[in-house]
Each structure stands twice: as C-alpha cells, then as structure tokens.
Amino acid sequence: MKRRSLRSLLTGVVASVCAFIGVALALAVLGLYQSGNGGHAWTDTMAIDRLGVHLTTADLVALAAGFCAGVVAFVFSYRGVDAS
C-alpha cells in the first residue's frame with residue numbers, strides 16, 4: 001500500500017511539472033504574439049504583487065494547470081485507472 005502511494009505521488013509530481021512547463025511555454029509564446037503588435041498582453045498582467053511575490057496571470061494559470069494535472073495523475077495512478 002505504501003509503495004503504491006509513493007509511486008502514485010511520483011507520477012503526480014512528474015505530470016504536474018510537465019504540465020506546468022508546457023502551459024508556461026505556451027502562454028509565453030502567446031504573450032509574445034500578443035505584445036508584438038505594440039499592445040499589452042493579458043498574460044503579462046501582474047496578478048499578485050505583494051510581500052515579495054510577483055506572479056503574472058500566466059504564472060497563475062500555469063500553476064493551476066500543473067496542480068490539476070498532478071492531482072488527476074495521482075488519482076488515476078492510485079486507483080488503477082488505465083488512461084490508454
């Protein structure tokens with residue numbers, strides 16, 4: 001039981017990191033595309049700027065997507081659901 005939990009946790013962490021990187025790169029490209037016309041990209045808008053934490057909207061979206069992917073991967077792995 002403990003081994004399965006650790007394996008599921010590792011699967012969730014890997015999925016979370018991969019999703020975060022993928023979404024962050026996609027939003028960075030989108031932000032570059034939007035600001036290329038001289039405008040201000042929504043992805044570059046500061047969402048949290050307090051107490052030394054500086055996160056843009058794109059950062060928060062990437063963190064949320066990574067968290068959701070990690071939780072889903074953990075649940076699928078722990079419950080034995082085959083996604084293929």
Side-chain angles (χ1 to χ4, degrees):
M1 184 68 145
K2 190 173 188 176
R3 182 177 227 181
R4 187 169 101 187
S5 297
L6 290 175
R7 186 184 68 214
S8 298
L9 183 62
L10 180 63
T11 301
V13 167
V14 169
S16 179
V17 168
C18 290
F20 172 77
I21 291 171
V23 171
L25 286 174
L27 288 173
V29 169
L30 178 66
L32 287 174
Y33 174 74
Q34 287 179 340
S35 64
N37 298 330
H40 184 72
W42 67 268
T43 54
D44 198 29
T45 304
M46 290 304 280
I48 298 175
D49 194 13
R50 295 176 181 244
L51 303 172
V53 178
H54 310 289
L55 295 174
T56 63
T57 306
D59 296 333
L60 292 180
V61 170
L63 284 171
F67 177 75
C68 291
V71 169
V72 168
F74 173 78
V75 170
F76 279 0
S77 178
Y78 188 77
R79 298 195 33 102
V81 177
D82 188 13
S84 60

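Counting from 1, the numbers follow the sequence of the chain as shown.
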Review item, side-chain donor-acceptor pairs of residues 45-52, under 3.5 Å, at least two apart:
residue : atom : partner : partner atom : Å
T45     : OG1  : W42     : O            : 3.3
D49     : OD1  : H54     : ND1          : 2.3

Taking distance alone, no hydrogens or angles, what donor-acceptor pairs closer than 3.5 Å link side-chain atoms of residues 10-22 to residues at least two apart or in another chain?
residue : atom : partner : partner atom : Å
T11     : OG1  : R7      : O            : 2.9
S16     : OG   : G66     : O            : 2.9

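Listed here is the closest heavy atom pair of V23 and A62: CG1-CA, 3.7 Å. Scanning both residues, A58 and L27, for their nearest heavy atoms gives O-CD1, 3.5 Å.
Every residue two or more places apart in sequence or in another chain was checked for a side-chain hydrogen bond (donor to acceptor under 3.5 Å, both in side chains) with T57, and none qualifies.
We find the CG-CG distance between L55 and L63 to be 6.5 Å, quoted to the nearest 0.5 Å.
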